[in-house]
Amino acid sequence: MNPNASDWTPSASAPAFTPGGAAPAPAPTPPPAKQESAASDIDESDPLWQCVLNKICEGDRARAMKLINDPDSLMNYPEVVAIIAASDDKMEEDDWEKGNDDGAADELAEKMEEKMVIDEANAEPTAAPPKKEEVAEAVEGDPREHLNLVFIGHVDAGKSTLSGNILYLTDNVDKRTIEKCESEAKERNRESWFLAFIMDTNEEERAKGITVEVGRATFETEAHRYSILDAPGHKNYVPNMIMGASQADVGILVISARKGEFESGFDKGGQTREHALLAKTLGVSYLVVVINKMDEPTVQWKKERFDECVQKLKPFLKGCGFTIKKEVKFMPISGLNGANVKDEVDPKECSWWKDCYKNGDNNTDKATLMDLLDSLELKGRNPDAPVRIPVLDRYSDRGTIAMGKVESGTIRPGMKITLMPTRQKYKVDGLWTDETPLASARPGENVLVKLNGAGMEDIQKVLTAGFQAIFHAHCAEEEATVTKIFETTDRKGKVTKGAHFANVGMRVICMIELARTVPLETFDDYPFLGRFTLRTEGKTCAIGVIKKLPPKKEG
């Protein structure tokens, strides 16, 4: 071994090692890469090439090619420098920008314009521009009217079961979901609840068997498009019911015909009365009263029980303000097995119903609930009126999105809207319904509106003159109304005199009027009698101190 030998480096071209045998034949040397011929790249008549080939290289083309590709070496020859200088002088003389082209530039421009004209018939397809978010143009021209249906009534009347069955009968629930709901209902020993589980999706609702939040779903018929609002029937969740009823066009009052259930829901303390009154107050155009559970063993589709429920309901609904003949419809159904929901009840089970609807009794000539809903027509919807959308809620998703129902007018992406009561103007960046992009939304549509430049704090309830809340001070609790706002100070310290509203985080000097006289003192004189809190909807909305009280009356 030679300790002075250089390090060993592998050779890529060495033959493969074969132990025990003779050395293999050396691999053939790969042919040298083919050089492109000079003729393909060089103009033989070029003066520079002629000079290099004939004068400098004396006809040696290989040497000439090597030299022509080395500009630095080429400039060492005076002959080459002279040829390049002469070429530059000629280019200056022929410069078209100096007007010495005798019209050549104009001719060239005309030729280019002709080439740039696109022949639409023979034009080759070009790469499509990047796709923008697709807009469902067809929705704008959909002739079917959209109706919001709110299902109201006493707890356990069968509202969720009826809602779920409507979705099932209109093929809006797949078989796998039904099987899953049936299995879960069986595990809870509540086999008849499986249709209600379609609408009642959270664990609390399924465990207790009562609706807590307003369930939402959609279905369509040939005549209309519908949104179901399944309102809770328990008295503890009346605020949620009000939120659902405020969006509704048609109320479906579900009454249980089972012995004892109708009486408990309609008598004092039941929710049937309160729900019907709230539905009228919140502007429901039609009230469809469905007498449910007619297939119960205690009822068995008896006409006497149906008439008893109807006769007790009519005077009360009339007292709520409904016009019975025009606005109220009555119909017997079974929400569990679907009788009179989509298909008419079997005459063998209910022989009297066919004669009733054919004679127009109970203010309807339709055999089923679906046919009755399709026959309803709402008046007063004007798509050409100014846009009015009460904001139900808002959330943030790559921008601020407001939820609401279009009450009048037509809203489109790109238009500018005014947000009340702050009077701030925003541009509509996007419009959706059920996650489907829209080109426009007409009255009755439930929409999501993305507002450009609006923040979450811009779309919420604000304090204005007329704002009502509950006033708490020491041991007193009284209804209060903000009658006037004198000034506001925002978080940056900017003071606005005579402001029309106050937003979250602002300090406000305002006048508050109480419904009754309450003993109070100013904070400066008696701090423990001069602090107060304003609360609304179960939340604290403002805290403050009393700076001034009205002057004492003499005598």
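These figures come from a predicted structure and were not determined experimentally.
Of the inter-residue distances, the one linking Leu149 atom CG with Ser227 atom OG reads 8.0 Å to the nearest 0.5 angstrom. Taken to the nearest 0.5 Å, the OG atom of Ser285 stands 12.5 Å off from the CD atom of Glu377. Of the inter-residue distances, the one linking Cys510 atom SG with Leu534 atom CG reads 7.5 Å to the nearest 0.5 angstrom. Remark: Gln468 CD to Glu513 CD distance equals 10.5 Å, nearest 0.5 Å. Separating the CG atom in Leu277 from the OG1 atom in Thr272 is a distance of 12.5 Å, to the nearest 0.5 Å. Remark: Leu313 CG to Cys320 SG distance equals 10.0 Å, nearest 0.5 Å.
Between His472 and Arg535, the closest side-chain pair of non-hydrogen atoms falls below 4.5 Å. Looking only at side-chain heavy atoms (C-beta outward), Leu369 and Ile166 come within less than 4.5 Å of each other. Side-chain contact check for Pro332 versus Asn340: some heavy-atom pair is nearer than 4.5 Å. Between Asp374 and Leu372, the closest side-chain pair of non-hydrogen atoms is not below 4.5 Å. Residues Asn148 and Asn446 have side chains in contact (heavy-atom distance under 4.5 Å, counting atoms from C-beta outward). Under the 4.5 Å side-chain criterion, counting only non-hydrogen atoms from C-beta, Cys309 is not in contact with Phe330. At least one side-chain heavy atom of Thr170 sits under 4.5 Å from a side-chain heavy atom of Met370. No side-chain heavy atom of Tyr357 sits less than 4.5 Å from a side-chain heavy atom of Met331.
Between the Thr488 side chain and the Val508 main chain, no donor and acceptor come within less than 3.5 Å of each other. For Thr400 (side chain) and Ala454 (main-chain N/O), a donor-acceptor pair under 3.5 Å exists by modelled atom type. Thr481 places no side-chain N or O within 3.5 Å of a backbone atom of Gly466 that could act as its donor or acceptor partner. One N or O on the side chain of Tyr226 and one on the backbone of Leu373 form a donor-acceptor pair closer than 3.5 Å. The backbone N or O of Asn337 sits nowhere less than 3.5 Å from a side-chain atom of Asp295 that would complete a donor-acceptor pair. Under a 3.5 Å cut-off, the side chain of Ser408 and the backbone N or O of Pro386 do form a donor-acceptor pair. A donor-acceptor pair is defined here as one N or O able to donate and one able to accept, closer than 3.5 Å; such a pair exists between the side chain of His146 and the backbone of Gly444. Remark: side-chain polar atoms of Asn452 are not paired, donor with acceptor, to backbone N or O of Lys427 under 3.5 angstrom. Under a 3.5 Å cut-off, the side chain of Ser264 and the backbone N or O of Gly260 do form a donor-acceptor pair. Not one N or O on the side chain of Trp353 forms a donor-acceptor pair closer than 3.5 Å with the backbone of Val345.
Taking every heavy atom of both residues into account, Pro413 and Leu431 meet most closely at CG-CB, 4.1 Å. Here the closest heavy-atom approach between residue Val518 and residue Ala476 is recorded as CG1-CB, 3.5 Å. Pairing each heavy atom of Leu520 with each of Leu549, the nearest pair is O-CD1, 3.5 Å. Nearest heavy-atom pair, Gly335 versus Asn165, reported as atom, atom and distance to 0.1 Å: O-ND2, 2.7 Å. Taking each heavy atom of Thr368 and Asp343 in turn, the nearest pair found is CG2-C, 3.6 Å. Taking each heavy atom of Ala473 and Phe532 in turn, the nearest pair found is CB-CB, 4.2 Å.
Summarising the local packing, CD of Glu479 is surrounded by 12 or fewer heavy atoms from other residues, nucleotides or ligands at distances under 6.0 Å. Atom CD of Glu308 has more than 12 heavy atoms from other residues, nucleotides or ligands within 6.0 Å. When the shell of 6.0 Å around CD1 of Ile543 is examined, it contains 12 or fewer heavy atoms from other residues, nucleotides or ligands. Few gaps surround CZ on Phe471; more than 12 heavy atoms of other groups in view lie less than 6.0 Å from it. Within a 6.0 Å radius of CE in Met511, no more than 12 heavy atoms belonging to other residues, nucleotides or ligands are found. For Lys280, the NZ atom is densely surrounded, since the number of other residues' heavy atoms within 6.0 Å is greater than 12.
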(message) Please determine whether side chain to side chain donor-acceptor pair (under 3.5 Å) holds for the pair Thr418 and Lys425, giving the CA-CA distance in whole Å, both sets of side-chain angles, and the decisive distance to 0.1 Å.
(response) CA-CA 4 Å; Thr418 301; Lys425 295 186 182 294; 3.0 Å; yes
(request) Evaluate the side chain to side chain contact (heavy atoms under 4.5 Å, CB included) criterion for residues Ile152 and Ile252: first the C-alpha distance (whole Å), next the side-chain angles of each, then the deciding distance (0.1 Å), finally the verdict. (result) CA-CA 6 Å; Ile152 57 177; Ile252 299 181; over 6 Å; no
(message) I'd like to know whether Val289 forms a side chain to side chain contact (heavy atoms under 4.5 Å, CB included) with Leu317, so could you lay out the CA-CA distance, the side-chain angles of the two residues, the decisive distance to 0.1 Å, and finally the verdict.
(response) CA-CA 10 Å; Val289 182; Leu317 295 176; 4.0 Å; yes
(request) Verify side chain to side chain contact (heavy atoms under 4.5 Å, CB included) between Thr410 and Asp384, making sure each step is shown before the conclusion. (result) CA-CA 7 Å; Thr410 302; Asp384 299 323; 5.5 Å; no
(request) Tell me, with the steps shown, if Lys329 and Asn362 meet side chain to side chain contact (heavy atoms under 4.5 Å, CB included). (result) CA-CA 6 Å; Lys329 319 287 182 182; Asn362 305 303; over 6 Å; no
(message) Evaluate Glu222 against Arg144 for salt bridge (Lys or Arg N to Asp or Glu O under 4.0 Å), listing each step before the verdict.
(response) CA-CA 8 Å; Glu222 293 183 359; Arg144 295 176 299 175; over 6 Å; no
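Ion pair Arg225/Glu145 not flagged as a salt bridge, since none of the NZ, NE, NH1 or NH2 atoms sits closer than 4.0 Å to an Asp/Glu carboxylate oxygen. The residues Lys259 and Glu296 are annotated as not salt-bridged, no charged nitrogen and carboxylate oxygen being separated by less than 4.0 angstrom. With respect to Glu263 and Arg305, a salt bridge is recorded, a charged nitrogen being found less than 4.0 Å from a carboxylate O. A salt bridge links Lys354 and Glu344; the closest N-O separation between the charged side-chain nitrogens and carboxylate oxygens is under 4.0 Å. At a threshold of 4.0 Å, the pair Arg381-Asp249 counts as salt-bridged, since one of the basic side-chain nitrogens sits closer than that to a carboxylate oxygen. Taking a cutoff of 4.0 Å between a charged side-chain nitrogen and a carboxylate oxygen, Arg516 and Glu478 qualify as a salt bridge.
Under the 6.0 Å distance and 45° angle rule, Lys159 does not count as a cation-pi partner of Phe151.
Ring centroid separation for the pair Phe306 and Trp301 does not come in under the 6.0 Å cut-off.
A donor atom on one side chain and an acceptor atom on the other are not found under 3.5 Å apart for Asn292 and Ser256.
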